[in-house]
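Since the structure comes first, as structure tokens, the remarks are kept for the end.
Note that ligands are numbered from 1 as they come in the structure, with each ligand's atoms numbered from 1 the same way.
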Amino acid sequence: MAFYDYHVHSCFSEDSNAPMVDMVQAGIEKGLAEMCFCDHVDFGYTDPGFAFLCDVEKQQEEIAFCQQKYDGQITIKKGLEIGLQPHVLQQYEDFLPQYEFDFILASMHTCQQKDIHTGAYFAGKTAKDAYCDYFDSFLTCLKQFKNYNCLGHLDILKRYGNHIKEPDYEVYQEGLEAVLKQVIVDGKGIEVNTSGFRHGKGAPYPSYAILKRYKELGGEMITTGSDAHTPQDLAIHFSQTYAALKEIGFCYVCTFLNRKPYMHKI
Ligand SMILES: [Zn+2]
Ligand SMILES: [Zn+2]
């Protein structure tokens with residue numbers, strides 16, 4: 001079965017030291033049919049230690065170099081992982097048309113202008129508020145912003161169980177499902193991010209229960225991504241995840257070319 005890793009970082013992301021060629025070579029060794037570099041552009045990111053502003057011009061030059069060097073061995077695509085926040089959406093509308101991309105992954109790493117990774121967002125919040133506010137904010141963004149293809153690691157909050165305990169699904173179900181419905185209505189998709197296995201969660205982001213619900217609501221479009229920042233993490237737990245997706249009832253995973261989806265039978 002062919003595998004497609006649609007969430008790959010390289011040293012064009014501030015939190016990765018991996019040269020792009022190393023990531024591509026690992027992709028070839030691991031037998032990937034295709035990989036998409038989604039380096040970070042996160043406008044208004046609140047941690048002063050990280051700028052998360054990929055130099056897209058240089059990143060795309062390096063992608064073009066790799067496409068030529070590894071032609072016939074693997075397909076390489078031009079993507080970005082952007083960080084949504086309601087007050088920076090116009091910045092993305094101005095920024096994205098300056099380049100040509102195959103794929104835009106929209107994630108939320110910051111909520112209410114507070115960093116999730118450092119735990120600042122969770123301070124003084126109940127688990128219910130933390131989860132509900134997160135999905136409310138996501139929905140606010142998606143109602144205005146359509147310049148993306150898939151949503152990244154939808155239930156990433158569960159990664160930060162050291163800051164806040166994950167509430168029962170029913171607690172945040174309404175907010176989360178409103179996001180899923182918006183994605184479906186807009187003809188967009190969600191990613192299945194296997195870094196959850198790396199983080200000891202025993203499941204991807206989002207969880208299989210959420211993926212099942214997405215399918216029930218009519219969701220078809222999914223990409224698979226490892227969120228690898230190092231060559232060894234590329235395509236991690238893909239065979240297991242693809243098998244689980246088939247079991248849930250997904251028949252296809254998506255790849256993108258010039259922002260248009262292509263469905264591949266799994
Ligand atoms: Zn992310
Ligand atoms: Zn990422």
Side-chain angles (χ1 to χ4, degrees), residues 4-18 20 22-24 26-27 32 34-47 49-56 59 63 76-85 88 92 101-111 114-122 134-135 137-138 141-142 145 148-161 163 179 183 188-199 201 203-207 210 222-238 241 256:
Y4 310 89
D5 195 334
Y6 259 60
H7 192 154
V8 180
H9 292 276
S10 71
C11 58
F12 291 95
S13 293
E14 206 166 340
D15 54 354
S16 169
N17 297 315
M20 203 176 263
D22 290 4
M23 297 303 278
V24 175
L32 284 176
E34 192 163 324
M35 61 196 290
C36 181
F37 283 98
C38 293
D39 288 303
H40 289 286
V41 169
D42 218 310
F43 290 136
Y45 192 68
T46 46
D47 182 345
F50 284 95
F52 283 139
L53 295 170
C54 164
D55 183 335
V56 176
Q59 185 229 25
I63 291 173
I76 305 166
K77 294 289 178 60
K78 291 179 291 191
L80 272 190
E81 179 180 18
I82 61 171
L84 299 185
Q85 297 189 68
V88 299
Y92 287 117
F101 296 101
D102 293 307
F103 177 65
I104 299 294
L105 182 67
S107 302
M108 236 174 68
H109 302 114
T110 304
C111 192
K114 293 201 177 85
D115 188 30
I116 289 165
H117 191 72
T118 62
Y121 170 64
F122 302 105
Y134 185 80
F135 292 116
S137 185
F138 229 141
C141 293
L142 301 185
F145 187 75
Y148 72 98
N149 299 107
C150 286
L151 296 186
H153 47 60
L154 200 50
D155 64 351
I156 192 70
L157 290 189
K158 77 179 181 195
R159 177 178 174 185
Y160 301 104
H163 297 299
V179 169
V183 164
K188 313 291 186 184
I190 63 174
E191 77 155 353
V192 183
N193 184 311
T194 61
S195 72
F197 291 102
R198 263 199 285 133
H199 302 144
K201 303 297 171 195
Y205 307 123
S207 63
I210 294 172
I222 49 170
T223 55
T224 46
S226 64
D227 212 343
H229 291 65
T230 60
Q232 61 267 29
D233 286 338
L234 208 68
I236 205 160
H237 284 273
F238 266 31
T241 302
F256 287 81

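- By the neighbour-count criterion of 12 heavy atoms within 6.0 Å, atom NE2 of His117 is sparsely surrounded, having that number or fewer from other residues, nucleotides or ligands.
- Residues Asp15 and His229 have side chains that bring a donor and an acceptor to within less than 3.5 angstrom of each other.
- Between Asp115 and His109, the side chains place no donor N or O within less than 3.5 Å of an acceptor N or O (distance only, hydrogens not considered).
- Geometric assessment of Lys188 against the ring of Tyr148 yields a positive cation-pi assignment under the 6.0 Å and 45° thresholds.
- Protein atoms that are N, O or S and lie under 2.8 Å from the Zn ion (ligand 2) are these: His7 NE2, His9 NE2, Glu81 OE1, Asp227 OD1.
- Note: Phe43 and Tyr92 have tilted aromatic rings, judged against thresholds of 30 and 60 degrees for the angle between ring planes.
- Checking His199 against Tyr205 by side-chain atom types alone, a donor-acceptor pair falls below 3.5 Å.
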